[in-house]
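For reference, the structure is listed below as structure tokens.
All values reported here derive from a predicted model rather than from experimental measurement.
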Amino acid sequence: MSDTTAIPTEPLKRIPGLYRRWELPEIFEVQRRYHIEEAGTHADGTPLLAVYASDAECDFQSQEAGVHVALERSAS
């Protein structure tokens with residue numbers, strides 16, 4: 001099965017800081033697209049992540065046009 005849903009191409013902006021996996025629910029907001037990248041490790045060995053997000057307004061306009069909002073994750 002293939003997914004033919006178009007993913008909006010508006011640029012994503014980096015959310016300042018590096019995050020641990022369990023901190024992600026605290027920063028995620030509905031109606032936004034995210035891109036998550038590995039960003040090294042903390043001194044205690046915990047993996048850190050860099051998070052990029054779309055503007056809420058861009059995503060709202062995309063939904064108005066019938067495009068589904070997608071959660072993206074890098075394949076590294």
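- Residues satisfying the side chain to side chain contact (heavy atoms under 4.5 Å, CB included) criterion with L24, sequence neighbours excluded, are Y19, I27, F28, I36, L49, V51.
- Checked against side chain to side chain contact (heavy atoms under 4.5 Å, CB included), E29 has the following partners two or more places apart in sequence or in another chain: R32, Y34.
- Cluster partners of L48, using a side-chain heavy-atom cutoff of under 4.5 Å among ILVMFWY residues and allowing indirect links, are L18.
- Under the salt bridge (charged side-chain N to carboxylate O under 4.0 Å, His left out) criterion, R20 pairs with E23, not counting sequence neighbours.
- Contact record, P47 with T41: CA-CG2, 4.2 Å, taken as the closest heavy-atom pair.
- Across every non-hydrogen atom of W22 and P25, the tightest pair is O-CD, 3.6 Å.
- What you find for A50 and A39 is that their closest heavy atoms are N-CB, 3.8 Å.
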